[in-house]
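Structure record follows, encoded as structure tokens.
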Amino acid sequence: MNALTLSTHPGIAAIPAETWDALGDGNPFTTHRFLLALEESGSVGRGTGWQPLHVTLEEGGRVVAAAPLYAKSHSQGEYIFDHAWAEAYARAGGRYYPKLQAAVPFTPVTGARLLTRDPAMRQSLLAGLTRVAESGGASGVHVTFCTEAEAKAGAEIGFLPRLTQQFHWLNRGYGSYDDFLGALSSRKRKDLRKERARAQGFGGTIRHLTGDDLKPHHWDAFWTFYQDTGSRKWGRPYLTRAFFDCLQQTMRDDILLVLAERDGRAVAGALNFIGPDAIYGRYWGCVEDHPFLHFELCYHQAIDVAIARGLSRVEAGAQGEHKLARGYEPVATHSLHWVADEGFRRALADYLDREREAMGEEIEALADFTPFRKEG
């Protein structure tokens, strides 16, 4: 094997798009164009607490692995929460920030974080991330929403695995939404039919927009929705208006915007990204409140699209046990954590062992609350 060379890059533009994308699996959020949109729009970078520091690993002059990496000065926009760790670290006299985050900013979507066509390179890349942390004075490295295989590879070399959960809708070969309903209990079928009827009776129409059908005025409307939701959930929206213009230029074919319109005016919308095998619900907002319209645009319409396109699942964002009642199921999500301080690492390992056991039990317990028909 040739010697491996690790390099850091202060922006994704420094890495050719074809080189980066050749290492990925088609997940829209780790594409060069998505990460570039974040940077060019000012959604990450100076003043945001997300400073790009992307890593590549070369062998014989050829890039064989890469990771989207950021130096963080806070723990916002991550969805794998470590605020309590930061407070404990500070109480012990340490400095938790800066830390390194191998992640997609503001995006709680599972996918490869260690981009490579050779799984044997994952551990070399992880080891390289720890060297970057040590040389730059970061407290540690956090790889969030990684794949289960990546979590296993990291655990084998001393990274601490963490187990969390989300709720996904899984396509079990349904030919239509009615086929999906047929798999549910009678009571749940009735509940969802009533819910959809109430939502669709809001007095307007629901449109699906993608590709060249997306126009600037659609993004103007959605920006209003996003600002309203962001200000209520996070205090201020993470993404800039320019980010959505970048999506229009480079990612409109990866986008599905579900808009509710009434009297010629967009009143609510849900923004989805379309991957090779899944649809990902990311943002929602409205300027009028209508019963169940949120569930219709964000969950049911996404299921319709997944079935029509033959996609295997819908990932509708973080949290939300209310999704269980709409046919979504609990699934495990994974992350990896490494901290330089050995004492804190031992304490963190004990905490994560207990948390992982409790989370496994919770996922099993939630699975019992299935809306699907019981066999026998």
Side-chain angles (χ1 to χ4, degrees), residues 3-39 44-45 49-59 62-72 75 77-80 82 98-136 138-162 275 333-340:
L4 298 174
T5 302
L6 185 78
S7 302
T8 58
H9 308 269
I12 197 72
I15 306 167
E18 59 273 17
T19 298
W20 182 274
D21 288 339
L23 299 170
D25 58 4
N27 185 300
F29 302 109
T30 50
T31 59
H32 192 278
R33 58 190 178 276
F34 183 85
L35 300 174
L36 184 63
L38 289 173
E39 294 179 20
V44 301
W50 289 84
Q51 191 61 42
L53 194 66
H54 307 302
V55 167
T56 56
L57 200 62
E58 293 184 36
E59 182 181 35
R62 182 174 64 93
V63 176
V64 295
L69 186 67
Y70 299 85
K72 293 293 307 295
S75 292
E78 297 171 8
Y79 301 94
I80 300 289
D82 65 349
K99 63 174 183 174
L100 297 184
Q101 195 90 11
V104 179
F106 326 123
T107 307
V109 171
T110 291
R113 298 296 179 259
L114 310 174
L115 309 181
T116 181
R117 293 298 179 179
D118 181 0
M121 292 293 172
R122 290 171 178 157
Q123 292 182 340
S124 297
L125 190 54
L126 286 168
L129 297 181
T130 65
R131 292 197 298 273
V132 174
E134 290 174 328
S135 64
S139 67
V141 178
H142 308 269
V143 185
T144 45
F145 292 102
C146 62
T147 67
E148 185 174 3
E150 290 172 335
K152 181 179 179 181
E156 289 174 353
I157 61 169
F159 275 71
L160 303 176
R162 191 177 192 186
T333 52
H334 302 271
S335 61
L336 288 168
H337 306 273
W338 176 89
V339 290

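None of the values given here were measured: they were computed from a predicted structure. In what follows, every heavy atom counts, from backbone to side chain, and hydrogens, waters and symmetry copies are set aside.
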How close do [X] and [Y] get, counting heavy atoms only, and between which atoms?
X      : Y      : answer
Ala102 : Leu129 : CB-CD1, 4.4 Å
Glu39  : Gly11  : OE1-CA, 3.3 Å
Val44  : Pro52  : CG2-CG, 4.2 Å
Phe159 : Pro161 : O-CD, 3.4 Å
Ala67  : Leu125 : CB-CD2, 4.1 Å
Val141 : Ala133 : CG2-CB, 3.7 Å

Is there a side-chain contact between [X] and [Y] (heavy atoms, below 4.5 Å)?
X      : Y      : answer
Asp118 : Val64  : no
Leu35  : Trp20  : yes
His32  : Ile12  : yes
Val104 : Phe145 : no
Met121 : Leu4   : yes
Leu114 : Cys146 : no
His337 : Asp82  : no
Asn27  : Val109 : yes

Enter the distance from [X]:[atom1] to [Y]:[atom2] here, rounded to the nearest 0.5 Å.
X      : Y      : atom1 : atom2 : result
Gln101 : Gln51  : CD    : CD    : 14.5 Å
Thr8   : Leu53  : OG1   : CG    : 5.0 Å
Thr5   : Glu59  : OG1   : CD    : 9.5 Å
Asp25  : Thr116 : CG    : OG1   : 11.5 Å
His142 : Leu100 : NE2   : CG    : 8.0 Å
Thr107 : Phe34  : OG1   : CZ    : 4.0 Å

Using a 3.5 Å distance criterion without hydrogens, assess whether the side chain of Arg117 forms a donor-acceptor pair with backbone atoms of Gly24.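 Looks like yes, one N/O pair under 3.5 Å.
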Does the Arg122 side chain pair with the main chain of Gly154, one donor and one acceptor, at a distance under 3.5 Å? no
Side chain to side chain contact (heavy atoms under 4.5 Å, CB included) test vs Arg113 passes for just one of Leu336, Leu69, Val143, namely Val143
Count the heavy atoms of every other residue, nucleotide or ligand shown that sit under 6.0 Å from CD of Glu148, and state whether that count exceeds 12. no
Would you please name every residue forming a salt bridge (charged side-chain N to carboxylate O under 4.0 Å, His left out) with Lys72, sequence neighbours left out? Glu78
Which class fits the ring pair Phe106 and Trp50: parallel under 30°, tilted 30 to 60°, perpendicular over 60°?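 Because their plane-to-plane angle is over 60°, the rings of Phe106 and Trp50 count as perpendicular.
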